[in-house]
Amino acid sequence: MDPVLTDTFVTPVDRVFFRKHLSVPEIDAKSWTLSVEGLVDQPLRLSLSDIEALPAQRRTVVHECFGNPFSPDVPTRAVANLEWTGVPLATLLDRAAPQASARHIWFEGADRGSFLGEDGLTFLKDLPLEAAREHTLLAYLLNGQPLPTRHGFPLRAVVPGMFGTNSVKWLSRIVLADHRPEHMFTTRLYNRVLPGSTTPIPVREIDVNSKLLSPRDGEQLPGPRVEISGRAWSLTEVTGVEVAVDDGPWEPAALHPRGSDLAWQPFSLTRTLAPGTHRIRSRATDREGRMQPGPGARNSVHEITVEVAAQGRRPPAVLLQ
Ligand SMILES: Nc1nc2c(c(=O)[nH]1)N[C@H]1C(S)=C(S)[C@@H](COP(=O)(O)O)O[C@H]1N2
Ligand SMILES: [Mo]
């Protein structure tokens, strides 16, 4: 069964995908600190209770892995919709008083290890300071519970609208700088060339995308009426999702509006399907007019195949876990 999509709006924690490049540090919350350093007038070193004492915000945000940076055109659709609670990065920046020359912010996790034969690496990412200040939440709760170790305990960055790779887990150090760090996960990996361009840019803003949730790929259905549903998301609000069955036309699905958070949007459409094998596709378009492309792109139109049983015959029981 699909490890990620459930029929709930917010993905349960035990169904969230998990990615790591180095170690998984077991952090003692009592001795852990977060430092804010570099081009600031007031360097900070904060404990978890210092951070928990600051005014918190809660946001429901779509969380998507870009996929393997060596296969930038392969759709993975590793995605979840999560409720994060934490402190806006801006609150800490206001205290730290960045200097005028600070243009970039670096986030470093406590994980250590080797990657591609290079030893002693940390997981380091960077963002333009203004974009990071505007969007980033430093989260200590996931769906109302302390972050599990695998998802970044005790604190992680969450950058709504950006791919998961920017949401540094086990956050331990924030550095303000006037340049980007030359590093495995900043300038070497996680860069992409967008269609119509030749210049690689860092993997940051998410693409327009959709994923069919029900039926599931390969599912056998009684028919003839089939409720088709899924989730769509993008940097800007998704304004339309269309569904096509076999070589039929694209038909508009009913789509939930996005609301104030950068969450995903459920869509659904009911169709009557004749017995036999059917191909179902979903295609989202966002407010910017970006539309999911055809095969060959990481956010290509999502396609599944289902089997509708002959009328009067029950499909074989499917064991749902
Ligand atoms: N410290 C650290 N943060 C990290 C990573 C990592 O390897 N180390 N992986 C990144 C990637 S590529 C993704 S997709 C998300 C995955 O977050 P999750 O495992 O909580 O779903 O974490 C990001 N943050
Ligand atoms: Mo990722």
Side-chain angles (χ1 to χ4, degrees), residues 2-6 10-27 32 34-35 59-86 89 105-116 118 120-127 132 135-143 145-175 181 183-192 202-207 209 211 233 264 298-299:
D2 192 301
V4 173
L5 279 190
T6 62
V10 171
T11 310
V13 173
D14 62 356
R15 305 293 294 275
V16 180
F17 67 86
F18 163 63
R19 294 282 186 276
K20 62 131 180 135
H21 299 72
L22 309 169
S23 61
V24 176
E26 290 282 346
I27 293 176
W32 171 90
L34 172 70
S35 67
R59 292 191 207 143
T60 304
V61 178
V62 65
H63 174 58
E64 182 186 10
C65 176
F66 177 75
N68 187 330
F70 293 109
S71 314
D73 300 325
V74 175
T76 50
R77 283 181 251 266
V79 62
N81 197 47
L82 300 171
E83 188 197 85
W84 305 101
T85 306
L89 172 67
I105 191 161
W106 308 2
F107 295 122
E108 190 177 48
D111 43 339
R112 297 276 180 282
S114 311
F115 202 84
L116 287 183
E118 189 171 321
L121 284 173
T122 59
F123 194 77
L124 179 70
K125 301 293 294 188
D126 74 296
L127 292 173
H135 301 292
T136 309
L137 195 65
L138 304 177
Y140 47 82
L141 299 183
L142 167 55
N143 294 357
Q145 301 293 320
L147 290 180
T149 294
R150 59 203 251 120
H151 295 300
F153 180 85
L155 190 79
R156 79 179 294 171
V158 173
V159 195
M162 294 203 190
F163 282 107
T165 183
N166 296 289
S167 292
V168 173
K169 304 193 274 190
W170 312 295
L171 188 63
S172 59
R173 202 160 73 109
I174 295 177
V175 180
H183 187 90
M184 179 72 76
F185 304 111
T186 58
T187 50
R188 277 177 267 159
L189 301 181
Y190 290 107
N191 290 281
R192 65 192 308 210
V203 167
R204 289 184 180 144
E205 286 81 10
I206 56 174
D207 302 317
N209 213 337
K211 184 167 176 172
W233 64 95
W264 65 20
R298 66 164 300 287
N299 62 329

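In listed order, ligands and their atoms are each counted from 1.
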Ion pair check, [X] and [Y], cut-off under 4.0 Å:
X	Y	answer
K20	D111	no
D73	R192	no
E118	R188	yes

Give a yes-or-no answer on whether the side chains of [X] and [Y] include a donor-acceptor pair shorter than 3.5 Å.
X	Y	result
K125	T186	no
E108	T122	yes
R204	N166	no

Please state whether [X] comes within less than 4.0 angstrom of ligand 1, counting heavy atoms only.
X	answer
E64	no
R156	yes
Y190	yes

Students should be able to answer this: which protein heavy-atom is nearest to [atom], and at what distance?
atom	answer
atom 4 (C) of ligand 1	F123 CE2, 3.5 Å
atom 24 (N) of ligand 1	S167 O, 2.9 Å
atom 12 (S) of ligand 1	H21 CE1, 3.3 Å
atom 11 (C) of ligand 1	T165 CA, 3.6 Å
atom 19 (O) of ligand 1	K169 NZ, 2.6 Å
atom 15 (C) of ligand 1	G164 O, 3.5 Å

Distance, nearest 0.5 Å, that separates CD of Q145 from CG of L147: 10.5 Å
CG on N209 to CD on E64, rounded to 0.5 Å: 5.0 Å
Polar atom proximity, K20 to ligand 1 (N or O, under 3.5 Å): no
Ligand 1 N/O within reach of R150 N/O, cut-off under 3.5 Å: no
Answer with side chain, backbone, both or neither: which part of [X] has a heavy atom less than 4.0 angstrom from an atom of ligand 1?
X	result
A110	neither
F185	neither
D111	side chain

Member of D126, T136, V175 meeting the side-chain contact (heavy atoms from CB on, under 4.5 Å) criterion with F107: T136
At less than 4.0 angstrom from any non-hydrogen atom of [X], what atoms of ligand 1 do you find?
X	value
F18	19 (O)
W170	1 (N), 2 (C), 8 (N)
C65	14 (S)
F17	14 (S), 16 (C), 18 (P), 19 (O), 21 (O)

Partner residues of F115 under the ring pair (Phe, Tyr, Trp, His ring centres under 6.0 Å) criterion, sequence neighbours left out: H21, F185
Least distance between heavy atoms, V16 atom then A80 atom: CG1-CB, 4.3 Å
